[in-house]
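Below: one structure, written as structure tokens.
Since this is a predicted model, take the numbers as computed values, not measurements.
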Amino acid sequence: MTTATAPAVDSEKTVRRSRPSRRSVTGVGRPGFVWAAPAAVFFGLFAIVPLLMVVVLSFARWNGLGSPEFAGLDNWRRLLDDPVMIKSLWLSLLLTVLGVVVQTPISILLGVWAAGHQRNRAVLSAIYFVPLLLSITAVSVLWRAVLDPNFGVPSQAKWLFGDGNLLGVQSGAIGVLVFVSTWQFTPLHTLIYQGAARAIPPVLYQAAQIDGAGTVRQFFHITLPQLRNSIVTSMILMVVGGLTTFDTVLILTQGGPGTDTTISAYYMYQKAFKGFDFGTGAAIALLLVLVASFVSLVMVRLTGYDKMRSTMEGV
């Protein structure tokens, strides 16, 4: 009787010894802080330090020569009383919202299509991604030549463009800015949705087909919910990129006509590098950082991005 229980106890101890602890399983392969040190140093030197310099400069008066002079809140007071600055913020938000509204549905549809197995899909996708490889300057110069009212497409299609001076009115200039940004940056977001769509488990579509769901119902009830996390990520990138747009405005419209497309980033350039008022320019730059951070945080909280979980089957 007593000898029968001894092996059971020994075998139980052996199983406990052989079973790995939860801490050892979850900690396997996790790199330490040393691995992140180079990136942290790089980020500190080229992001944190310049940002701190901008904060200090926003409370100073400096024309680029000599030493900056402390000006207190003068730069900020002038900005609050500047109608062009207030207008530039609204224009920045308008262009950002229009970019998100236009690019998001196009990117989702193209991304889901590119994730499939259609004929010549790879070739067509490669051609479509070409604008993403070009610089913003090259793209802006290209479209400025194409849309030239004297020698470009509008001069040959007056039945569609009227006098052809699209950049001469505010609505036309804003439309051109949104179109050019969409043409260049939609491929980036398409690539995000393509990768996310390919990660959706095929068994979900197979089950939907068995239940009689068609392509449209599968898209709205399976594909879109599975792309939720990618949609949030893409929209945050669009918001940050839209609020910091500069090159396109500089080359295409130069803030015109008048100040109708003078967004905050371009107004910062005008104040700092054309008016040699680097204190006010730094204040505008810091204000842009605060606005972009606030909008991004609001999106994170409203969409649940901070509580994002994997949508993969079985996770």
Side-chain angles (χ1 to χ4, degrees), residues 29-30 39 95-136 138-139 143 177-245 248 292 295-315:
R30 179 173 297 175
L95 287 176
T96 301
V97 171
L98 290 176
V100 172
V101 171
V102 174
Q103 292 183 43
T104 299
I106 297 176
S107 301
I108 292 176
L109 293 175
L110 289 175
V112 173
W113 173 84
H117 303 282
Q118 299 87 350
R119 187 177 182 181
N120 298 325
R121 175 193 55 80
V123 176
L124 294 176
S125 298
I127 295 174
Y128 181 73
F129 289 131
V130 168
L132 188 60
L133 305 177
L134 304 176
S135 67
I136 299 177
V139 170
W143 282 106
L177 291 175
V178 173
F179 169 78
V180 172
S181 297
T182 300
W183 185 80
Q184 181 174 21
F185 294 111
T186 297
L188 170 63
H189 302 282
T190 298
L191 194 62
I192 295 175
Y193 292 124
Q194 180 184 7
R198 286 183 175 177
I200 300 176
V203 67
L204 298 178
Y205 296 103
Q206 296 170 1
Q209 289 178 352
I210 294 175
D211 291 338
T215 304
V216 176
R217 291 192 62 184
Q218 291 179 27
F219 176 79
F220 284 101
H221 291 83
I222 297 177
T223 305
L224 281 184
Q226 292 290 314
L227 294 179
R228 174 178 175 271
N229 297 339
S230 299
I231 293 174
V232 176
T233 302
S234 174
M235 290 179 64
I236 291 178
L237 292 176
M238 290 180 186
V239 168
V240 175
L243 291 176
T244 57
T245 298
T248 308
V295 173
S296 299
L297 288 175
V298 170
M299 292 182 61
V300 166
R301 298 296 297 177
L302 293 179
T303 58
Y305 184 84
D306 55 335
K307 300 178 182 178
M308 182 180 293
R309 295 292 183 270
S310 173
T311 55
M312 292 293 291
E313 183 187 20
V315 177

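- To the nearest 0.5 Å, atom CG of residue Leu191 and atom OG of residue Ser230 are 11.0 Å apart.
- Atom NE2 of His221 is separated from atom CD of Gln226 by 13.5 Å, given to the nearest 0.5 angstrom.
- Side-chain contact between Phe220 and Val216: present, with at least one pair of heavy atoms (C-beta onward) separated by less than 4.5 Å.
- Note that CD of Gln218 is 10.0 Å distant from CG of Asp211, once rounded to the nearest 0.5 Å.
- Contact annotation: the side chain of Val240 approaches that of Ser296 to within less than 4.5 Å [non-hydrogen atoms, C-beta and beyond].
- Judged by distance alone, the side chain of Thr186 and the main-chain N or O of Trp183 form no donor-acceptor pair under 3.5 Å.
- Among Leu302, Val300, Val295, the single residue meeting the side-chain contact (heavy atoms from CB on, under 4.5 Å) criterion with Val298 is Leu302.
- Gln209 places no side-chain N or O within 3.5 Å of a backbone atom of Gly214 that could act as its donor or acceptor partner.
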Check the pair Trp143 / Thr248 against side-chain contact (heavy atoms from CB on, under 4.5 Å), numbers first and verdict last. CA-CA 10 Å; Trp143 282 106; Thr248 308; over 6 Å; no

Only pairs under 3.5 Å count here: list side-chain donor-acceptor contacts from residues 98-115, not counting sequence neighbours, and write none if there are none.
unit_1	atom_1	unit_2	atom_2	d
Thr104	OG1	Val100	O	2.7
Ser107	OG	Gln103	O	2.7

side-chain contact (heavy atoms from CB on, under 4.5 Å) evaluation trace for Leu177 with Leu95: CA-CA 8 Å; Leu177 291 175; Leu95 287 176; 4.2 Å; yes

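- Phe185 places a side-chain heavy atom less than 4.5 Å from the side chain of Ile136.
- For the pair Tyr128 and Pro187, the tightest heavy-atom approach, listed with the atom from each and the gap, is O-CG, 3.5 Å.
- Rounded to the nearest 0.5 angstrom, Thr233 OG1 and Met238 CE are separated by 11.0 Å.
- Here the closest non-hydrogen pair linking Ile222 and Ala208 is CD1-CB, 3.6 Å.
- Contact between Leu237 and His189 at its shortest, heavy atoms only, is CB-CE1, 4.0 Å.
- From Gln194, atom CD reaches atom CD1 of Ile192 across 11.5 Å, with rounding to the nearest 0.5 Å.
- Pairs engaging residues 195-207 under the side-chain hydrogen bond (donor to acceptor under 3.5 Å, both in side chains) rule: Tyr205-Thr223 [sequence neighbours left out].
- In plain terms, the two heavy atoms of Ile127 and Pro131 that are nearest each other are O-CD, 4.1 Å.
- Leu224 contributes atom CG, which lies 5.5 Å from atom CD1 of Ile231 (distance to the nearest 0.5 angstrom).
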